[in-house]
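Below: the structure, in structure tokens.
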Amino acid sequence: MKVTDEQIIKLINKDETMNAGFKMLMDAYQQRLYHHICSMVGSHDDTDDVLQNTFIKVFKNIRKFEGRSKLFTWLYRIATNEANTFLKKNIRKNNFLESCEMNNLTNSMKADESSNGEYIKEILKNALEELPPKQKAIFSLRYFEEMNYKDMSEVLGTSVGALKASYHHAVKKIENYINRVAIYQ
Amino acid sequence: MKKEINNELKNMDSVLSKVKNGDIYNAPDNYFETMQNSIFEKLQQEKSPKVVSLRINKWIMSIAASLIIVVAVMFFIKQNSDTKGQLANSDIIEYLNVYVDDFDETDFAKYLNEEDLSISNETAINTDDIENYLDDNIDDLNEEDLQQLF
């Protein structure tokens, strides 16, 4: 049975069930946040740092969470801010770090080299790295997390109009990258 | 992919509309378990009583250190001002000893008060002393001075 956000918050708000509630919160959101952060910072080690900082911040502030926004938008906001802070502090030092592991794409590529969809996915990650941090966040939230613009606006503190324009711009940049790479194949 | 998002990409005439948008990043095996343990350890370290007592000790140590500094500063100031006075007096005496010829009696008289100038009975000059002084210094006295005395 899926636990709701309200149930998780209730558990966290009681001292005796706080840790259990927090574990449920991590179980529910760790995978999505890992993916979102990884699409922003690019390497597993950096994602690990940012994700841990995110959850520690969440733990310390969850009792101040007043429910005016949705829990998941609040979590994404903290994760995005943490990733942005990390990127500002560590401008391009992560070339030497192990990149986030692609999800079975390499294997599927070997199985089906002609698959245009899988091929695009393979280079999508590299294309993402060419985007500036804010566009990365916008693209990740819209394309991978399938978030609506209203929720994205809550997460990023940007107007819906500006988000639409920025997403459009990010999609075009990624397409240009894909086309550029395709020419050399 | 959600229809809404796919339609948006189609409207942009984007090739991404033809791609399945599943997760492209995958965490290593057992990563999340390790991560959760690490987070709970960090939180526990921050919450542990040792840290709290260290905080209290820090406060006590800060207050104690402040008090010691205040007392030390006050002692130093007092000591310094006393020393300053002593040094000043000795400096003055030494200076006067060296440059005593540059001063006349009136310069010294300025710094004497009535008490310094009063002559007590024990130190009062008797007539014999005066006569002896006059005998010794008779050549230095002129007639006018002698007339003033008598």
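Numbered from 1 within each chain, the chains take letters A, B, ... in sequence-line order. Computation of the quantities below employed the complete heavy-atom set of this structure, encompassing side-chain atoms and omitting hydrogens, waters and symmetry-equivalent molecules. A quick note: this is a predicted structure, and the numbers were derived from the prediction, not measured.
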- Query: Quick check: does any side chain N or O of A:H35 sit under 3.5 Å from a backbone N or O of B:N26, one acting as donor and the other as acceptor?
  - Reply: no

- Note on the structure: Taken to the nearest 0.5 Å, the spacing of A:I56 CD1 from B:F40 CZ works out to 10.5 Å

- Message: Looking only at side-chain N and O atoms, does B:E4 offer a donor or acceptor that is under 3.5 Å from a partner on A:N148?
- Response: no

- Just how far is it from atom NZ of B:K2 to atom CE of A:M147, taken to the nearest 0.5 Å? 9.0 Å

- Note on the structure: So, the part of A:N53 with a heavy atom under 4.5 Å from chain B: the answer is neither

- How far apart are the closest heavy atoms of B:L16 and A:Y143, and which atoms are they? O-OH, 3.7 Å

- Answer yes or no: is there a side-chain heavy-atom contact under 4.5 Å between A:Y167 and B:L9? yes

- Region of A:E175 that comes under 4.5 Å of a non-hydrogen atom in chain B: side chain

- Query: Is it the backbone or the side chain of A:K172 that comes under 4.5 Å from a heavy atom of chain B, or both, or neither?
  - Reply: side chain

- Message: Side chains of A:F55 and B:L43, heavy atoms from C-beta outward: is any pair under 4.5 Å?
- Response: no

- Enclosure of B:E33 CD (heavy-atom neighbours >12, cutoff 6.0 Å): no

- Note on the structure: So CD of B:Q36 and CD of A:Q52: to nearest 0.5 Å the spacing works out to 10.5 Å

- Task: Taking the side chain as every heavy atom from C-beta outward, state whether A:M26 and B:F32 have any atom pair closer than 4.5 Å.
- Result: no

- Message: Quick check on A:K173: does its NZ atom have over 12 non-hydrogen neighbours (other residues, nucleotides or ligands) under 6.0 Å away?
- Response: yes

- Item | Value rounded to 0.5 Å, distance of CD in B:E8 from NE2 in A:H168 | 8.5 Å

- Task: Could you tell me which portion of B:K42 (side chain, backbone, both or neither) has an atom closer than 4.5 angstrom to a non-hydrogen atom of chain A?
- Result: side chain

- Task: Compare every heavy atom of B:P28 with every heavy atom of A:Y34, then report the nearest pair and how far apart it is.
- Result: OH-CD, 4.0 Å

- When the aromatic ring centroids of B:Y25 and A:H44 are compared, is their separation below 6.0 Å? no

- Inter-residue atom distance A:N19.CG - B:I39.CD1, 0.5 Å rounding: 12.0 Å

- Query: More than 12 foreign heavy atoms under 6.0 Å from NZ of A:K164: is that the case here?
  - Reply: no

- Calculate, to the nearest 0.5 Å, the distance between atoms CG and OG belonging to A:D48 and B:S38 respectively. 7.0 Å

- Query: Which region of A:Q31, side chain (C-beta onward) or backbone (N, CA, C, O), has a non-hydrogen atom less than 4.5 Å from a non-hydrogen atom of chain B, or is it both or neither?
  - Reply: both

- Query: chain A heavy atoms under 4.5 Å from B:N6: which part of the residue, side chain, backbone, both or neither?
  - Reply: neither

